[in-house]
Each structure stands twice: as C-alpha cells, then as structure tokens.
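Here is the naming used below: chain letters follow the sequence lines, and residue numbers restart at 1 for every chain.
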Amino acid sequence: MAKATFQRPKGTADLLPEQTAQWQYVENLARVLFGDYNFKEVRTPIFENFDVFARSAGDTSDVVTKEMYDFHDKGDRHVALRPEGTAGIVRAFVENKLYGPEFDKPYKAFYIGPMFRYERPQAGRFRQFHQIGAEAFGSTSPALDVEIIAMLINYFQTLGLDNLKVAINSLGDQASRAAYRQALIDYLKPHFDELSADSQARLEKNPLRVLDSKDPRDQVFVADAPVILDYLTDESQAHWAKVQALLTALDIPFEIDATMVRGLDYYNDTIFEIMTVDETLKGAATIAGGGRYAGLVEEFGGPEMAGVGFGIGVERLLSLLAAKDLNPVTPQGLDFYVVNIGEETEVTAMQVVQAIRGFGYVAERDYLGRSAKAQFKSADRYQSQYVVTIGEQELADHVAKIKNMATGQQQTVKLTDLYTDLPTILDAQGDEEE
RNA sequence: GCGGUAGUGGUGAAGUGGUUAACACACUGGUUUGUGGAUCCAGCAUGCGAGGGUUCGAUCCCCUUCUAUCGCCCCA
C-alpha cells in the first residue's frame, strides 16, 4: 500500500448534502406529526450495558446471539451499541421513575437515531441504520395499539405513500402462546424429517419461526398448521377483536397475517408491520414494525406496566420514497453571488457578501481569485438569482452592479444604498420588469 | 456465520500478458484586457481496490484480503 487509505466501516454510509436535506425533511415531519399525538422526544445513549439489550430482546433472538455490536471498554465494562430503540427507552423509563404517579399515562415517547447490528449488509440492511420509533407505557387498551398504527399511517400518507400494506397478528398472552407453541410442535414433529434443515433447528429453538420460513418444503406444512388466533385466551381474544374493530372504525385497511412473527421475543398480543408492495424493494419490504409487550418494564426493575411501540427503518423509508419518486425536497439555489475583479476589491467584496447575508439572503462569493467569466459560471451553477459585480471601476465610483440572472438585466447601485436598502432595490427592479 | 457476482480517473465506462490505459460527461484554462447556460481548442489516471505469487514482463493468470452488491439465516 503506497498510502494509507481509509474507507468507512462496512455497512455504514456517509450522508452528503444531497441526502441530508431529505433526511431532515422526514425526521422533522415525524417530530411534528408525532407531537400532534402528544408523543415527546426522548434521547437515550447510543450504547448501553450489554445486558440491557440481552435481557429485553430475549436470549433466543438472533439480535442478541449474533448481531450485537458489543465490546469491552477500558474499564472492562461489557457494553453494546444499541440494536433497537425499545430497550434503552424502557431502561430510561424505569431509571427516571417515569412510571410514577406524577406522570400522565400512557407515557408517550418517540426517538430518532442510529441503531447498530453486526450483520452482512444487503438490500435495506446495514450495520449502522436509523430508526424513528415510539413507545407508550401504562395502558393495555387496544385503542392505544390502534392509535399507534393510525399515527404511522398518518405519517406515511403525509409523506405521499399510499398503497402500503398493514399486516397485523396477535401473539396472545403467555398462556395463549404456551398452548399454541405446544400445538405447533405436536403438529410439526411427525414431519420433522421433511422440514428444511433451518426449520428443524427452529423447531427446537423457536417453533413459531417455522411459520416464517421461505423454504417451499416448509410452506407445505405451514399452510395447514394450527393458527395461533385459535389459541388465544378469552382476554387476548377480546383485545384482538377490539383492535380490528377500531381499525375498521378508522377506515384503516389491514390484513391479518396469522403466520407473522416478529424478531424480538418480548412481544405479546398485537403485532404489526407496515410493508410496501413495491417489487423492487422486496428484500426490505418491511418499513415499520412493532407491537405490544408486557413484562419489559418489570424486567428492568420497574412495576409491571405494559407498553406498545414501533420502529420505522429510515433507510428503507427513504429508498421507498425514492422509488416512488417522492422527493419533496428540491435543492435550493443561491440568492446572490458576488463577483469581484482585482485584488483591490477584496475588502469591499467581503463587506458586500456579509451585508447581503445580513438581510437574510443566501450569498456566496469567489475565494480563488478567478476570472469574471469563471465566477459567473459558478453563479450559474449555483443557480444564483442575482450577481453583484465589483470591479476596479465600481470600486472607484463607490457602486456595484446587480444583474438579474434570469432576465439578464443589470443595474448600477450605490454601495451605500446596497448596504441599507437591498430588499427595496430588488423590489423596485421587480416593478420595472412588470 | 454461509453462498453468488463485481472492483479501471471526479463520474459513466472501453480495454489488452509486452513501448504513450479508448471514448464520453464533469472540471480547469483559453477563444472574449471585466460578465453565465452555446461553439471550438487545450489540460486532466507514473495508474487499473490492497497485499503476495506465477512470468523475461501483468491492469489483464493464481492466492489472500478489503469493499460493494444480491441471496440464505435474520431483520428496520
């Protein structure tokens, strides 16, 4: 290697101005819209004690067993970069005693930020990615489940996305799940040898995942497998029915996907995913996912308190927006470009740009001592509306030239007028044109 | 963690085991001693991801590695 070269870490991205404008738009819309639903922003650390994530996600989940971006710090503390947002929020909820009676329930929080998973990058999947998420604690009402789904739909529609699929399912409570798990094992066991190798392993570890298999050998059995919805306890059944009724009442179309299983182990009752039906993004069709959970707050040392939440994959959302050609942010050109010719004009040029900026206009100038032609080319590339020219002659006369780039009209103005009345001068020019 | 494909300048790319690595766009300068989107002219990779090997000789062959990309697992 002749020279040390540096590349960004695998699975990460540099977001340049062309992209950041888009990111800001999407993030700011979330801030405003989630605010309408009375969610407040919470910012938690990007890394936490390893156990914060290990405990919450469940020991069998891949997120914990092989995707955690963890390391030991100089104090030999085992820490991990957060793989998802919920755990940190729950930890903060408990640590700051937000479950206390002085805080209204449900306690609603949203977050925006990077997440990390150590895995092979591919379509819609990165080692550092970003999520916009929300959590609400302290209510088991199905209305809260539905409100969160409605908020997501509201958000996506405002961004211009329609034709999204809302898939929902219920995992039931502990008792429902235990009963179903056994039924599923009883059903699949006799066919064990016919299952794919992956599913054979899944049957041991987490039988529900067999339902998710893409292998045709497994899908044969999945088609006739017992359905979890038939195993819900009365309480879970009631919750589930209410969720559907409320979604219908809000005219939110949804599909029941009884085979849907989510990646993190803590979910119960309602789970949902928002997916695109766009074929080009099939590898990363799920744009947002979430659900209801119980026991997490208690797990972190708080009282038993239910939660519901979701996470939106920002990269996936943005690529979908791009695929749909929904790029609401248009690049902004300059208001002014200041051309100066000759070294003697340097000081005045500087004063003029600053004065223009002082009026709130976007202004740029040349710093390379280039020719007038080159400077005008720059002005053109910046899509500048006006060009102010200061040469030796103008300097001697205490004036500057202002050229309207669209019309080609150029006028001479006194520097003193420019400094005090630039907006008026522009208005006057506008009148003349009409 | 496993498997497939790829890696040439700022960008898109052509190319061959052997003297100066096409072409286009972009950029810079000139054509116009101080004025933009056009024309024409000129300049612009001691280098073909990195390291090693084969060879008289490699960007082109082999190995390793890194990165990208697609799929599996899993997931946002």
Side-chain angles (χ1 to χ4, degrees), chain A residues 1-13 57 60-68 82-86 113-133 152 196-199 201-202 205-206 209 212-215 260-264 273-276 280-290 310-320 334 337-342 345 366 368 370-395 401-410:
Chain A
M1 222 192 286
K3 246 181 218 172
T5 58
F6 295 99
Q7 297 175 299
R8 60 179 182 264
K10 185 198 266 283
T12 63
T60 69
S61 74
D62 274 29
V63 170
V64 171
T65 56
K66 64 175 202 184
E67 293 176 1
M68 198 86 94
R82 62 184 186 194
E84 50 94 26
T86 304
M115 306 293 163
F116 305 82
R117 287 183 201 174
Y118 194 89
E119 61 183 343
R120 278 282 281 274
Q122 53 186 284
R125 213 164 326 168
F126 311 92
R127 288 193 171 177
Q128 175 175 340
F129 62 103
H130 298 75
Q131 287 191 344
I132 300 175
L152 272 170
S196 68
D198 281 331
S199 283
R202 281 188 275 241
K205 249 174 63 179
N206 191 343
R209 280 211 212 297
D212 240 4
S213 176
K214 287 166 196 153
D215 196 305
M260 181 167 68
V261 182
R262 304 231 64 244
L264 303 163
E273 291 188 4
I274 315 287
M275 315 196 238
T276 172
T280 60
L281 294 148
K282 59 184 182 323
T286 303
I287 299 173
F310 66 79
I312 301 168
V314 180
E315 282 82 359
R316 290 184 179 185
L317 173 60
L318 287 169
S319 64
L320 177 60
L334 291 181
Y337 190 93
V338 175
V339 169
N340 73 303
I341 304 145
T345 60
D366 174 75
L368 304 172
R370 296 181 304 158
S371 68
K373 180 190 174 73
Q375 294 187 53
F376 265 85
K377 274 192 168 180
S378 287
D380 194 48
R381 203 169 330 132
Y382 279 125
Q383 299 178 53
S384 191
Q385 290 189 51
Y386 298 96
V387 170
V388 174
T389 306
I390 301 155
E392 286 161 36
Q393 192 56 54
E394 288 82 358
L395 192 63
K401 290 198 170 122
I402 299 181
K403 180 169 184 176
N404 180 321
M405 295 297 273
T407 64
Q409 273 185 358
Q410 185 163 263

Can you check nucleotides 65-69 of chain B for protein contacts, nitrogen or oxygen pairs under 3.5 Å, and list what you find?
unit_1 : atom_1 : unit_2  : atom_2 : d
B:C66  : O2'    : A:Gln7  : OE1    : 3.1
B:A68  : OP1    : A:Gly11 : N      : 3.0

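The base of B:U35 sits with one of its N or O atoms less than 3.5 Å from a complementary donor or acceptor on the side chain of A:Gln410. The base of B:C74 is not paired with the side chain of A:Arg209 by any donor and acceptor separated by under 3.5 Å. Evaluation of atom-type donor-acceptor distances gives no pair under 3.5 Å for the side chain of A:Arg125 against the base of B:A76.
Shown here, B:A42 forms a base pair with B:U28; the pair counts as Watson-Crick or G-U wobble because both key distances fall under 3.5 Å. When both distances must be under 3.5 Å, the Watson-Crick or G-U wobble mate of B:A50 is B:U64. For B:C56, the paired nucleotide is B:G18, the pair qualifying as Watson-Crick or G-U wobble because both relevant distances are below 3.5 Å. B:C2 is paired with B:G71 under the Watson-Crick or G-U wobble criterion, all donor-acceptor distances under 3.5 Å.
Partners of A:Asp215 by side-chain contact (heavy atoms from CB on, under 4.5 Å), not counting sequence neighbours, listed by chain and number: A:Ser196, A:Ser213, A:Arg217, A:Asp218. When the side-chain hydrogen bond (donor to acceptor under 3.5 Å, both in side chains) test is applied to A:Asp198, no partner is found at least two apart in sequence or on another chain.
Residue contacts for A:Gln375: at a heavy-atom cut-off of 4.0 Å it reaches no nucleic acid atom on any strand shown. Here A:Glu394 lies in heavy-atom contact (under 4.0 Å) with a base.
Where A:Arg316 and A:Thr389 each meet RNA chain B at their nearest nucleotide, the meeting point lying more 5' is that of A:Thr389. RNA chain B is contacted by both A:Glu273 and A:Ile341; A:Ile341 maps to the nucleotide lying nearer its 5′ end (nearest heavy atom per residue).
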